[in-house]
Engineer: 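The structure's right below; bear with me while I get my questions together.
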Amino acid sequence: MRALGPGFFDRSVHEVAPDLVGCTVVHGDTAGVIVETEAYDATDPACHAFGGRTPRNEVIFGLPGLAYVYLSYGIHSLLNAVAEADGRAAAVLVRALEPVAGIALMRRRRPGQPDRELCSGPGKLTQALGIGLELNGASLSEPPLAILARDDGWAGVELVAGPRIGITKATELPWRYSAAGNGFVSRPRPA
DNA sequence: GCCAGGATCGTCT
DNA sequence: GACGATCCTGGCG
């Protein structure tokens with residue numbers, strides 16, 4: 001399998017977000033297949049970059065193919081992939097993974113959780129993979145952090161688009177993408 | 001199983 | 001000084 005390069009991310013975030021479903025996030029010895037993503041762009045009131053560039057959100061405006069990691073609710077690190085050309089603000093939030101490697105290590109990082117809960121939320125998957133704020137601005141194309149291209153088995157998987165979760169602005173935009181029929185989505189999928 | 005409430009802190013007004 | 005792109009626990013049925 002091959003790591004996705006900047007070219008993959010240098011497109012509309014609304015193409016990148018659905019295309020990331022089925023790709024594999026690797027960090028260290030742990031890895032999981034993406035089953036749910038959300039798109040954010042500069043026209044979107046729910047996006048951190050809406051309303052201007054600050055030191056915090058600077059990475060979103062930068063080069064495609066980098067990781068944007070930030071702290072939510074003072075507790076959870078959330079992982080995003082920066083999309084679109086340098087100077088344009090857009091990113092894809094990784095909401096849920098299906099664990100595929102390093103599962104024993106994930107269990108150790110998330111004691112007491114059943115396997116299907118190891119990566120079934122944006123804060124959970126960063127804990128399971130050991131992704132923290134120190135990876136903000138890191139490349140997604142080379143170790144220790146990478147996103148690998150989808151393999152052929154996912155070519156025909158049906159994608160469902162629905163409203164985004166956990167936000168209070170622009171909740172009507174159907175910019176959440178999940179793989180239908182898997183047990184690892186972070187919330188029940190839309191009807 | 002479902003729901004309500006608390007945790008916890010960087011960032012911006 | 002308020003507010004999150006969330007998660008976990010405890011109470012109840």
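First the proteins, then the strands, lettered A, B, ... as listed; each starts at 1.
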Engineer: Does any residue of residues 126-138 of chain A have a heavy atom under 4.0 Å from DNA chain B, and if so, which ones, in number order?
Structural biologist: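 By residue number: none to list.
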Engineer: With the side chain counted from C-beta on, respond yes when L78(A) and P122(A) share a heavy-atom pair under 4.5 Å apart, and no when they do not.
Structural biologist: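 Of all side-chain heavy-atom pairs linking P122(A) with L78(A), at least one is under 4.5 Å.
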Engineer: Let me check something: any side-chain donor-acceptor pairs from residues 105-114 of chain A under 3.5 Å, sequence neighbours excluded? List them with distances.
Structural biologist:
from	atom 1	to	atom 2	distance (Å)
R107(A)	NE	D115(A)	OD1	2.9
R107(A)	NH2	D115(A)	OD2	2.8
R109(A)	NH1	A128(A)	O	3.0
R109(A)	NH1	L129(A)	O	3.3
R110(A)	NE	L118(A)	O	3.1
R110(A)	NH1	Q127(A)	OE1	2.8
R110(A)	NH2	E117(A)	O	3.4

Engineer: State yes or no: do L79(A) and V16(A) share one hydrophobic cluster built from I, L, V, M, F, W and Y residues joined by side-chain heavy-atom distances below 4.5 Å, directly or via other members?
Structural biologist: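 Yes, because L79(A) and V16(A) connect within a single hydrophobic cluster, where side-chain heavy atoms sit under 4.5 Å apart.
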Engineer: Go through residues 99-106 of chain A and report each residue with a non-hydrogen atom lying under 4.0 Å from DNA chain C, sorted by number.
Structural biologist: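 Heavy-atom contacts with DNA chain C come from no residue of residues 99-106 of chain A; none.
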Engineer: Do the side chains of V185(A) and V33(A) join up, straight or via other hydrophobic residues, at under 4.5 Å, putting them in one cluster?
Structural biologist: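 V185(A) and V33(A): separate clusters.
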Engineer: Backbone N or O of C47(A) within a donor-acceptor pair of the D41(A) side chain at under 3.5 Å?
Structural biologist: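 Pair absent, no side-chain N/O of D41(A) close to backbone of C47(A).
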Engineer: Who pairs with D19(A) by salt bridge (charged side-chain N to carboxylate O under 4.0 Å, His left out), at least two apart in sequence or on another chain?
Structural biologist: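 Here the qualifying residues are R11(A), R150(A).
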Engineer: When you check the phosphate oxygens OP1 and OP2 of dC8(C), does a side-chain N or O of R110(A) lie under 4.0 Å from one of them?
Structural biologist: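 It does, given that an N or O in the side chain of R110(A) lies less than 4.0 Å from OP1 or OP2 of dC8(C).
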Engineer: By salt bridge (charged side-chain N to carboxylate O under 4.0 Å, His left out), which residues pair with E58(A), not counting sequence neighbours?
Structural biologist: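 E58(A) satisfies salt bridge (charged side-chain N to carboxylate O under 4.0 Å, His left out) with no other residue.
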Engineer: Figure out the CZ/C1' separation between R187(A) and dC2(B), and round it to whole Å.
Structural biologist: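 That distance rounds to 14 Å.
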Engineer: In whole angstroms, how far is the P atom of dC7(C) from the CD1 atom of I165(A)?
Structural biologist: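 Rounded to whole Å, this separation is 11 Å.
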Engineer: Counting only heavy atoms and a strict 4.0 angstrom limit, can you tell me which residues of residues 8-40 of chain A come near DNA chain C?
Structural biologist: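 Contacts with DNA chain C under 4.0 Å: Y40(A).
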Engineer: I need the single residue from L135(A), V92(A), I60(A) that forms a side-chain contact (heavy atoms from CB on, under 4.5 Å) with Y68(A). Which is it?
Structural biologist: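 Of the listed options, the one satisfying the test is I60(A).
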Engineer: Would you say the side-chain atoms of S141(A) pair up with the backbone N or O of L4(A), donor to acceptor, closer than 3.5 Å?
Structural biologist: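 Looks like yes, one N/O pair under 3.5 Å.
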Engineer: Could you give the NZ-to-C1' distance, from K169(A) to dG4(C), as a whole number of Å?
Structural biologist: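 So the two atoms are 9 Å apart, to the nearest Å.
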Engineer: How about CZ on R53(A), more than 12 heavy atoms from neighbouring residues, nucleotides or ligands closer than 6.0 Å, or not?
Structural biologist: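 Count over threshold, so yes.
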Engineer: With Watson-Crick and G-U wobble geometry limited to distances under 3.5 Å, how should the secondary structure of DNA chain C be encoded in dot-bracket form, using | for bases paired to another strand and [ ] for crossing pairs?
Structural biologist: ||||.|||||||.
Engineer: Taking all non-hydrogen atoms of both residues, which atom of V82(A) and which atom of L63(A) are closest, and how far apart?
Structural biologist: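 Smallest interatomic distance, heavy atoms only, reads CG1-O, 3.5 Å.
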Engineer: Just to verify, which of S77(A), S120(A), S186(A), C119(A) counts as forming a side-chain contact (heavy atoms from CB on, under 4.5 Å) with L125(A)?
Structural biologist: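 Among S77(A), S120(A), S186(A), C119(A), the one meeting side-chain contact (heavy atoms from CB on, under 4.5 Å) with L125(A) is C119(A).
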Engineer: What pairs of residues pass the salt bridge (Lys or Arg N to Asp or Glu O under 4.0 Å) test when at least one of them lies in residues 71-81 of chain A, not counting sequence neighbours?
Structural biologist: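 Counting only pairs at least two positions apart or across chains, no salt bridge (Lys or Arg N to Asp or Glu O under 4.0 Å) contact touches residues 71-81 of chain A.
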Engineer: How long is the straight-line distance from CG of L93(A) back to CH2 of W175(A), given to the nearest 0.5 Å?
Structural biologist: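 W175(A) CH2 to L93(A) CG: 14.0 Å, rounded to 0.5 Å.
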Engineer: Can you confirm whether R176(A) sits close enough to I165(A) that some side-chain heavy atom of one is under 4.5 Å from a side-chain heavy atom of the other?
Structural biologist: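 Answer yes - side chains close enough.
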Engineer: Check whether any side-chain N or O of T37(A) sits under 3.5 Å from a backbone N or O of A17(A) as a donor-acceptor pair, and report yes or no.
Structural biologist: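 Yes.
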Engineer: Does any residue of residues 89-97 of chain A have a heavy atom under 4.0 Å from DNA chain C, and if so, which ones, in number order?
Structural biologist: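 Within residues 89-97 of chain A, the residues near DNA chain C are L93(A), R95(A).
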Engineer: With rounding to the nearest 0.5 Å, note down the distance linking NE2 in H14(A) to OH in Y40(A).
Structural biologist: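 It is 12.0 Å, given to the nearest 0.5 Å.
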Engineer: Quick one: E117(A) CD to dT9(C) C1', roughly how many Å, whole number?
Structural biologist: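 Atom CD in E117(A) sits about 14 Å away from atom C1' in dT9(C).
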Engineer: Which pairs with one or both residues in residues 81-103 of chain A pass salt bridge (Lys or Arg N to Asp or Glu O under 4.0 Å), sequence neighbours excluded?
Structural biologist: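 For residues 81-103 of chain A, and leaving out neighbouring residues, the salt bridge (Lys or Arg N to Asp or Glu O under 4.0 Å) pairs sorted by first residue read E36(A)-R95(A), E38(A)-R95(A), E84(A)-R88(A).
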Engineer: If you take any heavy atom closer than 4.0 Å to DNA chain B, which residues from residues 69-87 of chain A end up in contact?
Structural biologist: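 Output list: Y73(A), G74(A), I75(A).
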Engineer: Taking only heavy atoms on the protein side, list every residue of residues 49-64 of chain A lying under 4.0 Å from any atom of DNA chain B, sorted numerically.
Structural biologist: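 Within residues 49-64 of chain A, the residues near DNA chain B are T54(A), R56(A).
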Engineer: Are F9(A) and I131(A) in one and the same hydrophobic cluster, where Ile, Leu, Val, Met, Phe, Trp and Tyr link if side-chain heavy atoms are under 4.5 Å apart?
Structural biologist: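 Yes, one cluster joins them.
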Engineer: Do L71(A) and L133(A) have side chains that get closer than 4.5 Å, going by heavy atoms?
Structural biologist: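 They are in side-chain contact.
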Engineer: In whole Å, what is the span from the NZ atom of K124(A) to the P atom of dT9(C)?
Structural biologist: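 So the NZ-P distance, K124(A) to dT9(C), works out to 11 Å.
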Engineer: Could you tell me whether E158(A) atom CD has more than 12 heavy atoms of other residues or ligands within 6.0 Å of it?
Structural biologist: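 No.
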